Amino acid sequence: MKNVLKISLMSLVGLSLITGCGCTKEEKTPEEKEKDKLQSEINEDGTLKEEVNNSKGVVSDQTVEGITLSDVKFVTTAYTTSVTLKAKNNTSSDITVEYFKAFLKDKDGKNVLGDGEFANVPIYDTIKAGETKETTFNVDRSLSEVTSIEYEMVK
């Protein structure tokens with residue numbers, strides 16, 4: 001009987017050493033997790049970390065109905081995306097443009113804003129023959145997954 005009791009006690013001690021005495025790892029609170037996330041998104045100087053998108057399909061020049069869209073600068077943070085570009089009239093006549101629809105696509109060609117959705121690239125002006133206008137549009141979310149942009153002119 002003593003041997004059975006000794007073996008049982010030794011087995012219990014050995015098992016408790018292996019299992020760590022039932023201890024569990026402390027989980028971070030939602031507030032601590034959010035603080036860690038924010039720290040990963042902020043530079044030491046307090047500004048948001050920026051990611052410049054240089055994908056060929058994003059920064060390549062595109063010509064739509066005589067207007068060349070070029071010098072695309074596509075900058076994303078954790079919360080917003082800002083796109084600056086130049087629109088040059090390559091024709092011999094003036095062209096009045098309201099805006100361009102920018103369809104933002106991922107690597108699979110899927111529109112990241114949703115089917116039929118687009119970002120508005122504002123011009124709202126007449127671009128004289130040979131003239132270049134610069135414009136900026138912003139989207140209130142990170143668009144780091146964008147690999148190409150397709151434009152459509154609205155006159």
Side-chain angles (χ1 to χ4, degrees), residues 16-155:
S16 65
L17 288 173
I18 292 171
T19 62
C21 302
C23 298
T24 59
K25 184 179 177 182
E26 288 187 34
E27 290 290 321
K28 291 186 177 183
T29 65
E31 292 82 14
E32 291 171 324
K33 288 178 183 178
E34 183 65 23
K35 184 178 178 183
D36 288 348
K37 181 181 176 211
L38 286 173
Q39 286 176 336
S40 71
E41 298 166 351
I42 297 174
N43 294 314
E44 289 181 15
D45 64 359
T47 59
L48 284 173
K49 290 182 179 176
E50 294 181 341
E51 178 183 330
V52 177
N53 187 332
N54 289 318
S55 297
K56 184 178 178 182
V58 170
V59 299
S60 294
D61 294 358
Q62 294 185 43
T63 301
V64 180
E65 297 184 41
I67 303 289
T68 298
L69 304 166
S70 64
D71 296 333
V72 178
K73 293 177 184 66
F74 195 102
V75 181
T76 298
T77 69
Y79 306 101
T80 62
T81 299
S82 177
V83 182
T84 303
L85 56 89
K86 293 180 181 175
K88 181 178 182 182
N89 182 348
N90 292 311
T91 69
S92 58
S93 1
D94 297 351
I95 299 176
T96 300
V97 179
E98 282 194 42
Y99 61 94
F100 283 89
K101 294 178 180 180
F103 297 94
L104 308 168
K105 312 257 177 141
D106 64 13
K107 64 179 171 51
D108 298 322
K110 184 179 174 193
N111 186 342
V112 299
L113 297 177
D115 289 339
E117 297 296 317
F118 59 89
N120 182 340
V121 183
I123 301 286
Y124 305 114
D125 202 358
T126 297
I127 305 174
K128 297 181 192 273
E131 182 180 41
T132 301
K133 301 261 183 184
E134 186 171 308
T135 188
T136 299
F137 69 93
N138 298 298
V139 179
D140 292 335
R141 67 179 252 207
S142 173
L143 294 173
S144 59
E145 71 273 25
V146 172
T147 58
S148 67
I149 304 175
E150 292 178 11
Y151 300 98
E152 182 181 310
M153 184 187 306
V154 177
K155 295 181 181 182

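Keep in mind that this is a model prediction, so the values were computed, not measured. Heavy-atom basis, side chains included; hydrogens, waters and symmetry copies ignored.
The pair Lys101-Glu150 fails the salt-bridge criterion, with no side-chain N (NZ, NE, NH1 or NH2) lying under 4.0 Å from an Asp/Glu carboxylate O.
Atom CD in Glu65 sits 11.5 Å away from atom CG in Asn89 (nearest 0.5 Å). Rounding to the nearest 0.5 angstrom, the gap separating the CZ atom in Phe103 from the CD atom in Glu152 is 5.0 Å. Rounding to the nearest 0.5 Å gives a distance of 12.5 Å between CD1 of Ile127 and OG of Ser93. Here the CD1-NZ distance, from Ile95 to Lys88, works out to 12.5 Å after rounding to the nearest 0.5 Å. Here the CD1 atom belonging to Ile67 is positioned 8.5 Å from the NZ atom belonging to Lys155, to the nearest 0.5 angstrom. The OG atom of Ser148 lies 8.0 Å from the CG atom of Asp106; values are rounded to the nearest 0.5 Å.
Looking only at side-chain heavy atoms (C-beta outward), Val83 and Thr136 stay at 4.5 Å or farther from each other. Under the 4.5 Å side-chain criterion, counting only non-hydrogen atoms from C-beta, Val146 is in contact with Asn53. Phe74 places none of its side-chain heavy atoms less than 4.5 Å from the side chain of Val52. Looking only at side-chain heavy atoms (C-beta outward), Phe100 and Val154 stay at 4.5 Å or farther from each other. No side-chain heavy atom of Thr81 sits less than 4.5 Å from a side-chain heavy atom of Asn138.
Under the 30°/60° scheme for interplanar angles, the aromatic rings of Tyr99 and Phe118 are found to lie parallel.
In terms of heavy atoms, Gly66 sits closest to Thr91 at CA-CG2, 3.7 Å. Minimum interatomic distance between Leu85 and Leu69 (heavy atoms only, all atoms of both residues): CD1-CD2, 3.8 Å. Shortest non-hydrogen contact noted between Asn111 and Leu113 is OD1-N, 3.0 Å. When all heavy atoms of Ala119 and Phe137 are compared, the closest pair comes out as CB-CE1, 3.5 Å. The two residues Ala129 and Ser92 have their closest heavy-atom pair at CB-C, 3.6 Å. When all heavy atoms are compared, the tightest approach of Thr76 to Ser142 is CG2-OG, 3.1 Å.
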Please step through side chain to side chain contact (heavy atoms under 4.5 Å, CB included) for the pair Lys105 and Ile149, ending with a clear verdict. CA-CA 6 Å; Lys105 312 257 177 141; Ile149 304 175; over 6 Å; no
Evaluate Asn90 against Thr68 for side-chain hydrogen bond (donor to acceptor under 3.5 Å, both in side chains), listing each step before the verdict. CA-CA 7 Å; Asn90 292 311; Thr68 298; 2.3 Å; yes
For Thr135 and Val121: C-alpha separation, side-chain torsions, deciding distance, then whether side chain to side chain contact (heavy atoms under 4.5 Å, CB included) applies. CA-CA 7 Å; Thr135 188; Val121 183; 3.7 Å; yes
Run the side chain to side chain contact (heavy atoms under 4.5 Å, CB included) check on Met153 and Val97 step by step: do they pass? CA-CA 7 Å; Met153 184 187 306; Val97 179; 4.0 Å; yes
Are Asp71 and Glu134 close enough, and set up right, to give a side chain to side chain contact (heavy atoms under 4.5 Å, CB included), and what steps lead you there? CA-CA 9 Å; Asp71 296 333; Glu134 186 171 308; over 6 Å; no
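Using a 3.5 Å distance cut-off with no hydrogens or angles, the side chains of Thr147 and Ser55 do not pair a donor with an acceptor.
Shown here is Lys86, whose NZ atom has no more than 12 heavy atoms of other residues, nucleotides or ligands within 6.0 Å. Sparse packing is recorded around CG of Asp115, with 12 or fewer heavy atoms of other residues, nucleotides or ligands lying under 6.0 Å away.
Using modelled atom types, no side-chain atom of Thr132 and backbone atom of Ala87 make a donor-acceptor pair closer than 3.5 Å. With hydrogens and angles ignored, the 3.5 Å screen pairs no side-chain donor or acceptor of Thr84 with any backbone N or O of Lys73. At distances below 3.5 Å, not a single donor-acceptor pair connects side-chain atoms of Glu117 with backbone N or O atoms of Gly114.
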